[in-house]
*Asks:* 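Next up is a structure, given as structure tokens.
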Amino acid sequence: GYIHEIKGLSEVEEIIKEFLNLKNVIVVSGDVEEDPSIMKEIGKAAANFAKSHIHSGDIIAVTGGSTVKSVIDNFPKVNSIKDVLVVPARGGMGKKVETQANTLSAKLAEKLNGTYKMLHVPENLSDEILETLVQQKEIQEIIECIHKANILIYGIGRAQQMGMKRGLSQKQLQQLNELGAVGEAFGCYFDKDSNVVWITPTLGININDINNLNLHIAVAAGKNKVEAILSTKFGNKNGVLVTDEGAALRLVEHI
Ligand code: G3H
């Protein structure tokens, strides 16, 4: 199909943007699976895009993960914006402190001369514990800020991989599979038709908040993430996708 007619990456960007009904698509040349240094370029591209869309007084929510980490690491120091607040999109600590949303929030706040708040709530807690936690004043305050966020920067993962990372049991991983989960973003697992089939129990941003955001920037690269990326499409004009050429060309084959 399309692949034969394509002349340049800007055309690929345009095709994906139309297909996913997004505000913008940025494709970085190269393939992160063949050249890991492309991850840095993804980070730079997303950071520069985000930078030009952040205004004084904004609340920015970020998820964890290595791709969002690259965005934050490559974020330029900005002095022209005031009073930005950065918050983790959801609870969940993960195993590595460097890629946790709390850590990334603090780092981004520093680059923006802003402030940050942390949410110290692990994932996979029982409903009972979550209900008790939400009643805590400090937790309530941060949850309120998270729901007020107008910009979200998030990663997308493959369902099984994310399930494992988030410590699901063999039985739960099998359930995820049976539910047809292919992709994961901000704690939601999506099937190939973009239905949310499983939600990680924790606090923070939920799927209903997504439509209220002025801007949400997904950063996900690598051919192996194409099905996951496609599963999370929500045909939302406030959405932006930053990806690599490897994933973009594979994605276009699905169109
Ligand atoms: O939610 C998805 C994951 O955060 C993606 O993680 O960027 O390390 O692949 P990653």
Side-chain angles (χ1 to χ4, degrees), residues 26 28 31-47 50 60-75 87-105 107-108 119 121-124 146 149 152-168 173 176 181-191 194 196-207 209-210 213 216-234 239-244 246-248 250-251:
I26 299 169
V28 166
D31 184 333
V32 78
E33 286 176 17
E34 275 156 34
D35 177 3
S37 77
I38 299 297
M39 189 53 115
K40 189 174 175 184
E41 303 307 319
I42 305 271
K44 275 192 204 165
I60 307 170
V62 300
T63 69
S66 55
T67 319
V68 175
K69 180 181 187 295
S70 179
V71 180
I72 312 302
D73 285 347
N74 292 291
F75 218 97
V87 293
R90 290 172 66 83
M93 314 285 204
K95 289 202 176 85
K96 281 165 68 190
V97 76
E98 312 92 81
T99 50
Q100 284 173 16
N102 278 330
T103 312
L104 299 179
S105 300
K107 278 197 180 172
L108 181 58
L119 178 61
V121 175
E123 42 200 27
N124 305 323
I146 293 172
L152 168 68
I153 304 173
Y154 67 99
I156 299 171
R158 292 155 57 115
Q160 284 295 313
Q161 210 171 357
M162 289 308 297
M164 280 190 275
K165 261 199 220 171
R166 290 177 188 274
L168 296 187
L173 288 172
L176 261 187
V182 281
E184 189 271 0
F186 39 83
C188 296
Y189 291 84
F190 299 84
D191 70 8
S194 304
V196 176
V197 293
W198 181 295
I199 296 174
T200 308
T202 185
L203 301 174
I205 257 177
N206 59 54
I207 190 78
D209 293 322
I210 300 300
L213 289 155
H216 41 94
I217 304 172
V219 286
K223 290 192 280 288
N224 73 88
K225 281 195 179 179
V226 167
E227 281 77 18
I229 293 169
L230 283 167
S231 77
T232 62
K233 70 165 178 184
F234 6 82
V240 174
L241 171 67
V242 183
T243 191
D244 67 335
R250 172 77 55 91
L251 205 154

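Keep in mind the model is a prediction, meaning the values are calculated, not measured. Residue numbers start at 1 and run along the sequence shown. Whatever order the structure lists ligands and atoms in, that order sets their numbers, starting from 1.
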*Asks:* Just heavy atoms, cut-off under 4.0 Å: does K69 contact ligand 1 by side chain, backbone, both, or neither?
*Replies:*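 Neither part.
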*Asks:* Which atoms of ligand 1 have any heavy atom of G65 under 4.0 Å away?
*Replies:*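 Heavy-atom distances to G65 below 4.0 Å select 4 (O), 6 (O), 7 (O), 8 (O).
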*Asks:* For V97, is there any backbone N or O sitting under 3.5 Å from a side-chain donor or acceptor partner on T103?
*Replies:* yes
*Asks:* Starting from atom 1 (O) of ligand 1, which protein heavy atom do you reach first, and at what distance in Å?
*Replies:* E184 OE1, 2.7 Å
*Asks:* Tell me, which protein residue and heavy-atom name are nearest atom 10 (P) of ligand 1, and how many Å apart are they?
*Replies:*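 Its nearest protein heavy-atom neighbour is S66 OG, 3.4 Å.
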*Asks:* Can you tell whether the side chains of K40 and D73 come within less than 4.0 Å, N to carboxylate O?
*Replies:*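 D73 and K40: not salt-bridged.
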*Asks:* Identify, by atom number and element, the atoms of ligand 1 in contact range of M162, meaning under 4.0 Å from any of its heavy atoms.
*Replies:*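 By the 4.0 Å cutoff, the relevant atoms are 1 (O), 2 (C), 3 (C).
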*Asks:* Is a donor on one side and an acceptor on the other found under 3.5 Å between the side chain of D244 and the backbone of V32?
*Replies:* yes
*Asks:* For atom 4 (O) of ligand 1, what's the nearest protein heavy-atom neighbour? Residue, atom name and distance, please.
*Replies:* G64 O, 3.3 Å
*Asks:* If we ignore hydrogens and angles and just use 3.5 Å, is the side chain of N124 paired with the main-chain N or O of R166 as donor and acceptor?
*Replies:*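 Yes, N124 side chain to R166 backbone: donor-acceptor pair under 3.5 Å.
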*Asks:* For ligand 1, which atoms sit closer than 4.0 Å to a heavy atom of G155?
*Replies:*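 That gives atoms 1 (O), 2 (C) of ligand 1.
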*Asks:* Treating T243 as the side-chain partner and A220 as the backbone partner, does any N or O pair qualify as donor plus acceptor under 3.5 Å?
*Replies:* yes
*Asks:* Roughly how far, to the nearest 0.5 Å, is CG of D209 from CG of L152?
*Replies:* 9.5 Å
*Asks:* Please report the interatomic distance CD(Q160) to CG(L168), rounded to the nearest 0.5 Å.
*Replies:* 8.5 Å
*Asks:* Looking only at distances, please establish whether an N/O atom of ligand 1 is found under 3.5 Å from an N/O atom of R166.
*Replies:* no
*Asks:* Heavy atoms only: which of N224, I156, T67 is nearest to atom 5 (C) of ligand 1?
*Replies:* I156
*Asks:* With atoms numbered from 1 as shown, which atoms in ligand 1 lie under 4.0 angstrom from a non-hydrogen atom of K225?
*Replies:*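 Reading through ligand 1 atom by atom, the close ones are 5 (C), 7 (O), 9 (O), 10 (P).
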*Asks:* Ligand 1 and T63, any nitrogen or oxygen pair closer than 3.5 angstrom?
*Replies:* no
*Asks:* For K165, which part has a heavy atom under 4.0 Å from ligand 1: side chain, backbone, both, or neither?
*Replies:* side chain
*Asks:* Report the distance from atom OG1 of T67 to atom CD1 of I153, rounding to the nearest 0.5 Å.
*Replies:* 12.5 Å
